[in-house]
Engineer: 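I am attaching a structure below and will ask some questions about it afterwards.
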Amino acid sequence: MTTARGVEGQSAELRLPAKLAAHPSVRALLARRAAGDVARPPAVIDATWLRELCLAAGADDAAAVSLDHPDLAGEREHAQSALPGTRTLIAMAVRMNRDNCRSPARSVANQEFHQTDEQANHAARSVTQALQDAGYRALNPSVGFPQEMDHFPSERIWVVAHKTVAVAAGLGVMGLHRNVIHPKFGNFILLATVLVDAEVSEYGQSLDYNPCIDCKLCVAACPVGAISKDGAFDALACTTHNYREFMSGFTDWAQTVADSEDAADYRSRVTDSESASMWQSLTSPPGYKSGYCMAVCPGGEDVLGPYLEDRKTFMDTVLRPLQDKKETLYVLPGSPAQEYAQRRFPHKPVKEVTGGWQPPAKRTP
């Protein structure tokens, strides 16, 4: 199909095959165009309209960032692959209820994570639909899972790095614990991103300070020592434990099932509570094992008050219940996480797992 254009950029009569031109849908569209009922959207999206759209959809904060932003160099290829012609990324933040996230009861915290995850996905989808209705091409990748598991483990599985986009858009700064800390809401947020094929009249500006107050509570709370005071981060230790019932942990569990000689052998390797927990994660959204770094973080203007007013009470009511909780910690054999967990939290049972990163060692006959 070819399109001739008039002197002012208006489409002239389309040159279509006779059969296609006679189709009722084509004739209806051409008639609407001829009557001026099909308007092209503005080339540049109004930033105020866009922000109001995001907030009305359920986001608590939102800002746009150009795909040409220097901090998004690593995202350009992925964004263009997801939505060819992407010009702008819209970062959205949705708040979580803080005390739910802080609860030692994982069912409470995980429910909060998953409910907010659904809200963020819904908000991003609503914004995408509104942009589509306005005449733009837009796409919203998943906030979390599902992701591109056919890429695992050789390539990244996420379509867009939500944290990277949010920081570039000015919604927050990455804290010591590798969570984005919003200047007002702290790290009690989940992030969503919408890709759109147009520019925006005003882009967000990166924060000129870090809302992280360098309290090191995330270091004290992490049960496997994944966060170091000097800023180092052991991603493998974090994923092995916290994501035990996600992709890699499930692989390890499946290998354990396959390697067991019979039911009795399986039950000698996996406790009843572990089997029940894995069943729950298979029938419901999978559960995180900790997320304590997020739970104890006092950063953010809305969050900081109780910590400043009485740090001892904050420690006693937020940090110590998580430290004192008796729970199984999952570690790779011989790892720094294993040594740290056994030394720092001797009351928490430590279990060696492969993490799904490699097949289990063959047993000696």
Side-chain angles (χ1 to χ4, degrees), residues 58 60 94-123 142-147 177-179 185-192 217-218 220-224 226-227 237-254 256-257 267 269-298 303 306 314-331 337 341 345 347-351 353 355-356:
D60 291 291
V94 178
R95 286 184 296 167
M96 289 187 285
N97 293 322
R98 296 190 293 272
D99 286 317
N100 281 354
C101 296
R102 291 168 173 166
S103 175
R106 286 294 85 197
S107 61
V108 176
N110 282 321
Q111 179 77 345
E112 182 63 28
F113 294 146
H114 296 314
Q115 288 286 327
T116 311
D117 187 276
E118 291 181 10
Q119 183 180 345
N121 274 321
H122 177 77
S142 174
V143 169
F145 292 89
Q147 298 192 30
H177 47 20
R178 299 326 191 260
N179 295 313
F185 310 134
N187 77 166
F188 294 96
I189 55 173
L190 286 183
L191 301 169
L217 290 183
C218 57
C222 181
V224 291
I227 309 166
C238 176
T239 55
T240 298
H241 174 66
N242 193 35
Y243 290 81
R244 171 62 187 167
E245 292 172 6
F246 286 74
M247 53 185 182
S248 57
F250 170 80
T251 302
D252 176 72
W253 174 77
T256 300
V257 173
R267 297 186 78 165
R269 299 164 182 249
V270 182
T271 66
D272 289 348
S273 65
E274 287 178 309
S275 292
S277 185
M278 185 62 75
W279 165 81
Q280 181 170 262
S281 284
L282 292 173
T283 56
S284 304
Y288 300 92
K289 288 298 183 184
S290 56
Y292 298 165
C293 57
M294 174 182 285
V296 301
C297 181
V303 189
F314 189 91
M315 302 281 197
D316 290 343
T317 59
V318 177
L319 173 64
R320 291 203 172 89
L322 301 176
Q323 291 179 320
D324 294 343
K325 181 181 179 179
K326 185 176 180 180
E327 59 188 327
T328 300
L329 304 180
Y330 298 93
V331 299
F345 298 104
H347 62 288
K348 296 178 185 278
V350 173
K351 184 168 186 175
V353 296

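The basis for the numbers below is simple: all heavy atoms, side chains too, and nothing from hydrogens, waters or symmetry mates.
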Engineer: Quick one, Thr256 and Val270 - any side-chain contact, counting heavy atoms below 4.5 Å?
Structural biologist: yes

Engineer: Can you name the nearest heavy-atom pair linking Val143 to Ala120, along with the distance?
Structural biologist: CG2-CB, 3.7 Å

Engineer: So which heavy atom on Gly144 is nearest to which on Asp117, and how close?
Structural biologist: N-OD2, 3.9 Å

Engineer: How long is the span from the OH atom in Tyr243 to the OG atom in Ser290, to the nearest 0.5 Å?
Structural biologist: 9.0 Å

Engineer: Check Leu329, Thr328, Asn242 against Pro223 for a side-chain contact (heavy atoms from CB on, under 4.5 Å) and give me the one that passes.
Structural biologist: Leu329

Engineer: Are the side chains of Phe113 and Gln111 in touch, meaning some heavy atoms are under 4.5 Å apart?
Structural biologist: no

Engineer: Which atom pair, heavy atoms only, marks the closest approach of Arg106 to Tyr288?
Structural biologist: CD-O, 3.4 Å

Engineer: Between Glu274 and Lys351, does any side-chain N to carboxylate O distance fall below 4.0 Å?
Structural biologist: yes

Engineer: Any chance you could measure Asn100, atom CG, to Arg98, atom CZ, to the nearest 0.5 Å?
Structural biologist: 11.0 Å

Engineer: Applying salt bridge (Lys or Arg N to Asp or Glu O under 4.0 Å), can you list everything that pairs with Arg95, at least two apart in sequence or on another chain?
Structural biologist: Asp60

Engineer: Do side-chain atoms of Glu112 reach the backbone of Cys101 as a donor and acceptor pair under 3.5 angstrom?
Structural biologist: no

Engineer: Do you know which of Cys218, Cys222, Cys238 makes side-chain contact (heavy atoms from CB on, under 4.5 Å) with His177?
Structural biologist: Cys218

Engineer: Can you classify the ring geometry of Phe250 versus Trp253 as parallel (below 30°), tilted (30 to 60°) or perpendicular (above 60°)?
Structural biologist: tilted

Engineer: Testing the basics here: between Val303 and Phe185, what is the closest heavy-atom pair and its distance to 0.1 Å?
Structural biologist: CG2-O, 3.5 Å

Engineer: With sequence neighbours excluded, what pairs up with Lys325 under the salt bridge (Lys or Arg N to Asp or Glu O under 4.0 Å) test?
Structural biologist: none

Engineer: Tell me if a side-chain donor or acceptor on Ser281 pairs with a main-chain N or O of Gly287 at a distance below 3.5 Å.
Structural biologist: yes

Engineer: Once you round to the nearest 0.5 Å, how far does NE2 of His114 lie from CD of Gln119?
Structural biologist: 15.0 Å

Engineer: State the CE-CD1 distance between Met294 and Ile189, to the nearest 0.5 angstrom.
Structural biologist: 8.0 Å

Engineer: Would you say that Cys293 contacts Asn179 through its side chain, given a criterion of any heavy-atom pair below 4.5 Å between the two side chains?
Structural biologist: yes

Engineer: Over all heavy atoms of both residues, which pair between Val224 and Tyr330 is shortest? Give the atoms and the distance, please.
Structural biologist: CG1-O, 4.3 Å

Engineer: Without placing hydrogens or testing angles, list every side-chain donor-acceptor pair under 3.5 Å for residues 317-324, not counting sequence neighbours.
Structural biologist:
| from | atom 1 | to | atom 2 | distance (Å) |
| --- | --- | --- | --- | --- |
| Thr317 | OG1 | Thr313 | O | 2.7 |
| Arg320 | NH1 | Asp316 | OD1 | 2.5 |
| Gln323 | NE2 | Ala220 | O | 3.1 |

Engineer: How far does CD of Glu245 sit from CG of Asp252, to the nearest 0.5 angstrom?
Structural biologist: 11.5 Å

Engineer: Specify the closest pair of heavy atoms between Ala341 and Val350, including all atoms of both residues, with the distance to one decimal.
Structural biologist: CB-CG2, 3.8 Å

Engineer: Heavy atoms, side chains only, cut-off 4.5 Å: are Val353 and Arg244 in contact?
Structural biologist: yes

Engineer: Taking the side chain as every heavy atom from C-beta outward, state whether Phe188 and Arg102 have any atom pair closer than 4.5 Å.
Structural biologist: yes

